[in-house]
2 protein chains.
Amino acid sequence: MANVLGAKIKGLRKEKALTLEQLAEKIGSGKSYIWEIENKGVKRPSAEKLAAIAKALDVTTDYLIDDTQTEVSDDLEKEVFYRKLGQLDKGDQDRIMDMIDAWSKK
Amino acid sequence: MANVLGAKIKGLRKEKALTLEQLAEKIGSGKSYIWEIENKGVKRPSAEKLAAIAKALDVTTDYLIDDTQTEVSDDLEKEVFYRKLGQLDKGDQDRIMDMIDAWSKK
DNA sequence: ATATAAGTATCGCTATCTTGAACTTTCTGT
DNA sequence: ACAGAAAGTTCAAGATAGCGATACTTATAT
């Protein structure tokens with residue numbers, strides 16, 4: 001379970017039936033490098049490259065980077081959260097945020 | 001019109017009243033390097049670094065990278081909420097959701 | 001069987017990133 | 001106002017990784 005980033009990219013690329021060359025072209029780099037990211041566990045692609053990759057694969061860079069996030073985030077779940085949150089007034093929203101902050105400190 | 005990234009980081013850091021040293025420590029870098037990112041504008045930080053910075057400043061890396069996006073939107077704030085919520089364990093997540101439910105009944 | 005596309009691998013230049021110190025400016029309390 | 005502390009600014013040099021170029025190997029198809 002070493003190279004999460006590489007696995008994600010490879011998976012998404014395959015889903016879209018793109019070859020290394022096609023993806024490489026989309027993001028303006030060589031296929032060898034993107035192959036290395038996928039397979040050799042290249043640790044830190046530049047933000048620029050990663051943003052380009054994310055765009056080409058229709059995901060966010062945050063999703064690609066975050067190792068704890070292994071599934072393309074469930075839009076429905078997120079939507080529900082957003083909608084409920086939006087129903088609160090600003091003060092309550094802030095209180096929720098404070099609470100999340102406090103609890104994530106440990 | 002150069003160095004949008006640096007300006008964003010600097011702005012967010014100031015908003016949170018963090019010193020260079022404090023932010024540097026949060027993300028595991030020297031203050032000189034982060035100063036260079038903010039002011040010298042020549043740097044293209046790695047995705048890893050940028051992700052750490054985004055997390056420390058409560059924004060997404062996508063927001064930091066996208067030069068066309070210059071202000072923190074409501075959507076972005078919600079996105080950050082959601083990200084933090086995901087870091088909590090299931091029990092805490094449920095309690096947050098319950099709280100949102102309770103408060104929205106008004 | 002040959003051609004062509006896809007994938008695998010290596011090399012090397014350059015830029016990122018670290019360290020760390022020294023210097024300057026701004027802030028703080030007295 | 002002054003000293004001392006804290007924040008910010010600058011520089012230099014070395015280690016490391018990004019990633020483009022290129023060439024080799026394996027799969028697919030006609």
Side-chain angles (χ1 to χ4, degrees), chain A residues 1-69, chain B residues 1-70 72:
Chain A
M1 187 80 159
N3 183 19
V4 181
L5 172 67
K8 280 181 185 171
I9 292 175
K10 193 171 197 169
L12 289 166
R13 178 173 64 81
K14 287 273 159 73
E15 264 179 36
K16 292 185 175 297
L18 293 172
T19 70
L20 284 171
E21 225 157 14
Q22 287 170 333
L23 180 56
E25 164 116 15
K26 266 172 172 275
I27 70 175
S29 66
K31 63 174 178 176
S32 60
Y33 179 59
I34 139 126
W35 177 82
E36 277 183 351
I37 291 177
E38 288 185 356
N39 300 283
K40 275 265 182 86
V42 170
K43 293 157 219 159
R44 5 182 207 279
S46 74
E48 266 185 359
K49 281 299 161 200
L50 203 62
I53 293 172
K55 192 172 180 185
L57 296 177
D58 293 320
V59 292
T60 64
T61 68
D62 292 281
Y63 162 71
L64 288 180
I65 290 172
D66 185 357
D67 277 6
T68 69
Q69 211 177 338
Chain B
M1 181 95 167
N3 196 19
V4 181
L5 172 67
K8 280 181 185 171
I9 293 176
K10 193 172 197 168
L12 289 165
R13 178 173 64 81
K14 287 273 158 76
E15 265 178 36
K16 292 188 172 296
L18 293 171
T19 70
L20 283 171
E21 225 157 15
Q22 287 169 333
L23 180 56
E25 171 161 16
K26 266 173 175 274
I27 70 173
S29 286
K31 64 174 178 175
S32 56
Y33 179 61
I34 138 122
W35 179 86
E36 279 173 356
I37 290 176
E38 286 186 355
N39 300 283
K40 272 270 164 88
V42 180
K43 307 279 185 183
R44 289 172 299 162
S46 72
E48 214 182 41
K49 277 299 156 203
L50 208 59
I53 293 172
K55 195 169 183 180
L57 296 176
D58 292 323
V59 291
T60 62
T61 69
D62 292 285
Y63 164 71
L64 289 179
I65 290 173
D66 185 357
D67 276 9
T68 70
Q69 209 177 339
T70 54
V72 178

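In what follows, chains are A, B, ... by sequence order, proteins preceding strands, each numbered from 1.
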Participant: Send over the distance from A/Y33 OH to D/dG18 C1', rounded to a whole Å.
Facilitator: 5 Å
Participant: What integer distance in Å separates B/K49:NZ from D/dA17:P?
Facilitator: 13 Å
Participant: Tell me if the side-chain of B/K31 makes a donor-acceptor pair with the base of D/dG8, cut-off 3.5 Å, by modelled atom types.
Facilitator: yes
Participant: Pair A/K16, A/D58 - check side chain to side chain contact (heavy atoms under 4.5 Å, CB included), show working.
Facilitator: CA-CA 10 Å; A/K16 292 185 175 297; A/D58 293 320; 3.0 Å; yes
Participant: Tell me: CD of B/E21 to C1' of C/dT26, nearest whole Å?
Facilitator: 15 Å
Participant: Measure the distance from CG on B/L20 to C1' on D/dA6 and round it to the nearest whole Å.
Facilitator: 12 Å
Participant: Answer yes or no: is there a donor N or O on one side and an acceptor on the other, between the side chain of A/K49 and the main chain of A/G28, under 3.5 Å?
Facilitator: yes
Participant: Please tell me which of B/K10 and A/G30 maps to the more 5' nucleotide of DNA chain D, matching each residue to the nucleotide holding its nearest heavy atom.
Facilitator: B/K10
Participant: Looking at B/S46, does any N or O in its side chain come under 4.0 Å of the phosphate oxygens OP1/OP2 on C/dC17?
Facilitator: yes
Participant: Please step through side chain to side chain contact (heavy atoms under 4.5 Å, CB included) for the pair B/Q69 and B/D62, ending with a clear verdict.
Facilitator: CA-CA 9 Å; B/Q69 209 177 339; B/D62 292 285; 5.8 Å; no
Participant: Is the shortest side-chain N/O distance from B/N39 to OP1 or OP2 of D/dG8 below 4.0 Å?
Facilitator: no
Participant: Quick one: B/E36 CD to C/dC17 P, roughly how many Å, whole number?
Facilitator: 11 Å
Participant: For DNA chain C, whose closest nucleotide is more 5', that of A/R44 or that of A/Q22?
Facilitator: A/Q22
Participant: Ignoring hydrogens and angles, are the base of C/dG7 and the side chain of A/S32 linked by a donor-acceptor pair under 3.5 Å?
Facilitator: no
Participant: In sequence, state the C-alpha distance, the side-chain angles, and the governing distance for A/L57 and A/L23, and then conclude on side chain to side chain contact (heavy atoms under 4.5 Å, CB included).
Facilitator: CA-CA 9 Å; A/L57 296 177; A/L23 180 56; 4.2 Å; yes
Participant: Would one find a side-chain N or O of A/S29 under 4.0 angstrom from OP1 or OP2 of D/dG18?
Facilitator: no
Participant: Nearest whole angstrom, please: distance from the C1' of C/dT19 to the CD1 of B/I34.
Facilitator: 16 Å
Participant: What is the distance, to the nearest angstrom, from the CG atom on A/L18 to the C1' atom on C/dA6?
Facilitator: 13 Å
Participant: Expressed as a whole number of angstroms, how long is the span from A/E25:CD to C/dA5:P?
Facilitator: 13 Å
Participant: Hey, does the side chain of A/W35 come within less than 4.0 Å of C/dT8's phosphate (OP1/OP2), counting only N and O?
Facilitator: yes
Participant: What distance separates B/Q22 CD from B/I34 CD1, expressed to the nearest 0.5 Å?
Facilitator: 11.5 Å
